[in-house]
Amino acid sequence: MENIFKEGDYVCDKTNPNIKLIVRRYVDRIYYCKVVNNPLHKDLVFFEREIQYYKEK
C-alpha cells in the first residue's frame with residue numbers, strides 16, 4: 001500500500017482546513033506535518049484519513 005501524500009506536499013487537517021501544513025515525513029502509515037510559516041510549532045501527527053490536499057482560496 002502506497003501513501004497518497006508525499007514529503008513536501010501541502011495538506012490541511014479536515015477538521016481545520018484553514019491551517020496550511022506541509023508533510024515532513026511519512027512513517028508506519030502516520031504523517032508528520034509542520035505548520036507552514038511557523039517553524040517553532042511542534043509537528044502535528046495525522047493518519048491519512050484525517051488530512052486532505054490544501055486548496056488556496
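- Listed here is the closest heavy atom pair of Ile4 and Tyr53: O-OH, 3.5 Å.
- Partners of Asn38 under the side chain to side chain donor-acceptor pair (under 3.5 Å) rule, at least two apart in sequence or in another chain, do not exist in this structure.
- Its side chain within the 4.5 Å cluster rule, Tyr32 clusters with Val27, Ile30, Val45, Phe47 among the Ile, Leu, Val, Met, Phe, Trp and Tyr residues.
- By the ring pair (Phe, Tyr, Trp, His ring centres under 6.0 Å) test, Phe46 is found to be paired with no residue, residues two or more places apart in sequence or in another chain being considered.
- Evaluation of the salt bridge (Lys or Arg N to Asp or Glu O under 4.0 Å) test over residues 4-15, restricted to residues two or more places apart or in two chains, returns Glu2-Lys6.
- Annotation for Leu21 and Cys33: closest pair CB-CB, 4.1 Å, computed over non-hydrogen atoms.
- Between Tyr31 and Tyr26, the ring planes lie tilted relative to each other; the angle falls in the 30° to 60° range.
- Note that CD1 of Ile22 and CG of Leu44 are 13.0 Å apart. Values are rounded to the nearest 0.5 Å.
- The stretch residues 31-46 participates, sequence neighbours left out, in these salt bridge (Lys or Arg N to Asp or Glu O under 4.0 Å) pairs: Arg24-Asp43, Lys34-Asp43.
- With sequence neighbours left out, Lys20 forms a side-chain contact (heavy atoms from CB on, under 4.5 Å) with Tyr10, Val36, Tyr54, Glu56.
- Residues Val11 and Gln52 fail the side-chain proximity criterion, which asks for heavy atoms closer than 4.5 Å.
- Note: Asn3 CG to Arg29 CZ = 12.0 Å, rounded to the nearest 0.5 Å.
- Between Val35 and Asn37, the closest side-chain pair of non-hydrogen atoms is not below 4.5 Å.
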